[in-house]
Amino acid sequence: MFGLSFFEMSVIGIIAVVLFGGNLPEVARKFGHSYSQLRRSLHDVQQQFREAQRDVDQAMAVDDRPKSGSKTAMYDDEQDDAPEPSAPKFTPPS
């Protein structure tokens with residue numbers, strides 16, 4: 001558990017009993033309550049990140065759709081019948 005051996009867990013338990021004595025159940029209860037609050041907060045933060053990612057993904061999906069009437073035009077100002085750019089003709093040296 002937590003990468004600790006039985007001996008290490010026993011030493012931690014003995015130190016806890018020496019330090020807290022009769023208040024150990026109360027201290028453990030408070031620790032458990034704090035730990036559960038921490039987990040709940042982390043879950044809420046993760047959920048907010050997931051929602052933000054989902055919103056971004058949806059926005060990107062809407063932006064990626066091609067415009068109606070043109071299958072390849074990405075922008076309204078593009079011309080459909082624009083000539084293809086051509087490279088200069090290669091003439092080998094003689």
Q. What pairs meet the side-chain hydrogen bond (donor to acceptor under 3.5 Å, both in side chains) rule with one or both residues in residues 37-46, with sequence neighbours excluded?
A. His33-Gln37
Q) So which pairs with a foot in residues 18-30 pass side-chain hydrogen bond (donor to acceptor under 3.5 Å, both in side chains), sequence neighbours left out? A) Glu26-Lys30
Q: Under 4.5 Å between side-chain heavy atoms, chaining through other members, with only Ile, Leu, Val, Met, Phe, Trp and Tyr counted: pull out the rest of the cluster around Leu24, sorted by chain and number.
A: Phe7, Val11, Ile15, Val17, Leu19, Phe20, Val27
